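Please read all numbers here as calculations on a predicted model, not as lab measurements. Per chain, numbering begins at 1; letters A, B, ... match sequence-line order.
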There are 2 protein chains.
Amino acid sequence: MKKLEPLKKKMLSDPAVRKAYDELAPEYEIARELIKARSRAGLTQSDVAKLMGTTQSVIARMESGSALPSMNSLVRYAKVTGSRAVVKLVADRNN
Amino acid sequence: MKKLEPLKKKMLSDPAVRKAYDELAPEYEIARELIKARSRAGLTQSDVAKLMGTTQSVIARMESGSALPSMNSLVRYAKVTGSRAVVKLVADRNN
DNA sequence: CGGACATATAGCAAAATTGCTATATCATGA
DNA sequence: TCATGATATAGCAATTTTGCTATATGTCCG
């Protein structure tokens with residue numbers, strides 16, 4: 001299943017594509033983290049919503065990666081899914 | 001320099017204190033990450049501001065922990081300081 | 001098929017963050 | 001002391017996220 005890597009690399013060498021990717025990637029990365037945490041906790045979006053004191057559509061939106069959430073939301077989401085939000089800024093030459 | 005740990009533990013056993021601490025902690029944790037990244041890059045707040053296309057006061061506010069920033073800001077800040085924002089929701093029984 | 005349950009999207013108001021200007025504080029060196 | 005560079009804070013407008021209701025999709029049984 002690693003056959004896509006070369007193509008990916010090639011596409012990312014296009015500056016325009018690269019820029020879009022760089023800005024988009026974090027949203028999906030976070031979305032994946034959210035979904036992982038929620039399934040680990042065995043909760044539905046409605047469950048999480050109720051626990052966070054909001055509605056299911058809000059959770060769906062966060063997990064869809066249609067926008068970068070605030071740390072506030074992230075921390076609250078983490079809390080109700082039995083997780084802890086860890087944020088690090090790691091040195092990275094390639095950016 | 002570990003003498004404060006027992007006191008800290010005791011204080012946190014007070015529910016009211018604990019709640020305030022839980023909500024406050026992430027802001028300062030993030031602020032510390034920001035400042036670390038910036039000094040690693042050898043930049044001033046004004047430098048970062050310019051690179052991000054904003055002003056020094058905005059950076060000062062982010063680093064003061066007076067509010068939880070958005071992932072958007074975090075990612076942009078990371079980028080100009082030669083870092084990468086890593087967000088993880090790690091399983092954590094104690095919360 | 002028809003009914004539950006889970007997730008996704010739209011549209012708008014409310015709330016929070018961001019951007020900005022101005023100014024304050026603080027440390028350092030000439 | 002004065003000047004300079006760096007960081008902090010205030011106040012307000014602009015932008016973004018959040019919260020909400022309603023509705024759409026999609027899936028899995030019975």
Side-chain angles (χ1 to χ4, degrees), chain A residues 19-20 22-83 85-89, chain B residues 19-89:
Chain A
K19 186 171 185 302
D22 280 349
E23 284 170 6
L24 218 51
E27 308 180 358
Y28 294 121
E29 225 175 276
I30 291 167
R32 278 194 297 274
E33 281 296 311
L34 294 175
I35 296 171
K36 258 199 309 187
R38 179 164 64 82
S39 49
R40 203 163 47 216
L43 300 171
T44 67
Q45 291 185 342
S46 296
D47 292 336
V48 173
K50 217 158 306 198
L51 289 167
M52 281 177 69
T54 184
T55 58
Q56 177 266 329
S57 68
V58 170
I59 307 303
R61 184 169 49 198
M62 286 181 76
E63 294 183 356
S64 78
S66 65
L68 283 166
S70 69
M71 282 306 307
N72 199 331
S73 300
L74 227 56
V75 168
R76 285 188 302 134
Y77 185 108
K79 199 162 301 197
V80 305
T81 53
S83 311
V86 176
V87 177
K88 294 230 175 304
L89 267 60
Chain B
K19 185 170 186 304
Y21 177 85
D22 281 348
E23 284 170 6
L24 218 50
E27 308 181 358
Y28 294 121
E29 225 175 276
I30 291 167
R32 278 194 298 273
E33 280 297 311
L34 294 175
I35 295 171
K36 260 200 306 188
R38 180 165 65 82
S39 48
R40 202 161 51 214
L43 300 170
T44 66
Q45 291 185 342
S46 296
D47 293 335
V48 173
K50 218 158 306 197
L51 290 167
M52 281 178 68
T54 184
T55 57
Q56 178 266 329
S57 69
V58 170
I59 308 303
R61 184 171 47 198
M62 286 182 76
E63 295 183 355
S64 78
S66 65
L68 282 167
S70 69
M71 281 307 307
N72 200 331
S73 301
L74 227 55
V75 168
R76 287 187 301 134
Y77 186 109
K79 198 162 301 196
V80 305
T81 54
S83 310
R84 192 165 40 89
V86 176
V87 177
K88 293 230 175 304
L89 266 61

Query raised in the report: To the nearest Å, how far apart are B:Met52 CE and C:dG19 C1'?
Result: 11 Å
Report task. Take atom CG of A:Leu43 and atom P of C:dC5, then tell me their distance rounded to the nearest Å. Result -> 17 Å
Report summary line: Regarding the side chain of B:Val58, the nearest nucleotide among C:dA8, D:dT17, C:dG19 is C:dG19
Query raised in the report: Within the structure, does a side-chain N or O atom of A:Arg76 lie under 4.0 Å from either OP1 or OP2 of D:dG19?
Result: yes
Report task. Answer yes or no: side-chain N or O of B:Ser57 and base N or O of C:dT21 forming a donor-acceptor pair under 3.5 Å. Result -> yes
Requested in this report: Among C:dT18, C:dA22, C:dT7, find the nucleotide with the atom closest to the side chain of B:Pro69.
Outcome: C:dT18
Query - B:Ser66 versus B:Arg61, closest heavy-atom pair with distance - result: OG-CG, 3.5 Å
Query raised in the report: OP1 or OP2 of D:dG11 sitting under 4.0 Å from any side-chain N/O of B:Arg61?
Result: no
**Report entry** Nucleotide D:dT18, atom C1' - distance to CG of B:Leu68 in whole Å
**Finding:** 14 Å
Query raised in the report: Counting any heavy atom closer than 4.0 Å, what does A:Ser73 reach on the DNA or RNA strands: base, sugar-phosphate only, or nothing?
Result: sugar-phosphate
Requested in this report: For A:Leu74 and C:dA16, give me the distance from atom CG to atom P, rounded to whole Å.
Outcome: 18 Å
Query raised in the report: A:Met62 CE to C:dT9 C1': how many Å, rounded?
Result: 17 Å
Query raised in the report: For A:Leu89, does its backbone N or O pair with a side-chain atom of B:Glu33 as donor and acceptor, under 3.5 Å?
Result: yes
Query raised in the report: A:Met71 CE to C:dA15 C1': how many Å, rounded?
Result: 19 Å
Query raised in the report: Is there side-chain contact between A:Leu74 and A:Pro69, with heavy atoms separated by less than 4.5 Å?
Result: yes
Query raised in the report: Does a side-chain N or O from A:Thr54 land closer than 4.0 Å to OP1 or OP2 of D:dC20, or not?
Result: yes
**Report entry** Gap between atoms CD1 and P, on A:Ile59 and D:dG19 respectively (whole Å)
**Finding:** 8 Å
Query raised in the report: Using a cut-off of 4.0 Å on non-hydrogen atoms, how would the nucleic acid contact of B:Thr44 be classed: base, sugar-phosphate, or nothing?
Result: sugar-phosphate
Requested in this report: Can you spot which of A:Leu51, A:Val48, A:Thr54 makes a side chain to side chain contact (heavy atoms under 4.5 Å, CB included) with A:Tyr77?
Outcome: A:Val48
Report task. Taking only the side-chain nitrogens and oxygens of A:Gln45, find out if one of them lies under 4.0 Å from OP1 or OP2 of C:dA8. Result -> yes
Query raised in the report: In whole Å, what is the span from the OH atom of B:Tyr77 to the C1' atom of C:dG19?
Result: 17 Å
Report task. Indicate, yes or no, whether a donor-acceptor pair under 3.5 Å links the base of C:dA6 to the side chain of A:Gln56. Result -> no
Requested in this report: Could you tell me whether a side-chain N or O of A:Ser83 sits under 3.5 Å from a main-chain N or O of A:Thr81, the two making a donor and an acceptor?
Outcome: yes
Query raised in the report: So what does A:Ser70 hit on the nucleic acid, given a heavy-atom distance under 4.0 Å: a base, only sugar-phosphate, or nothing?
Result: sugar-phosphate
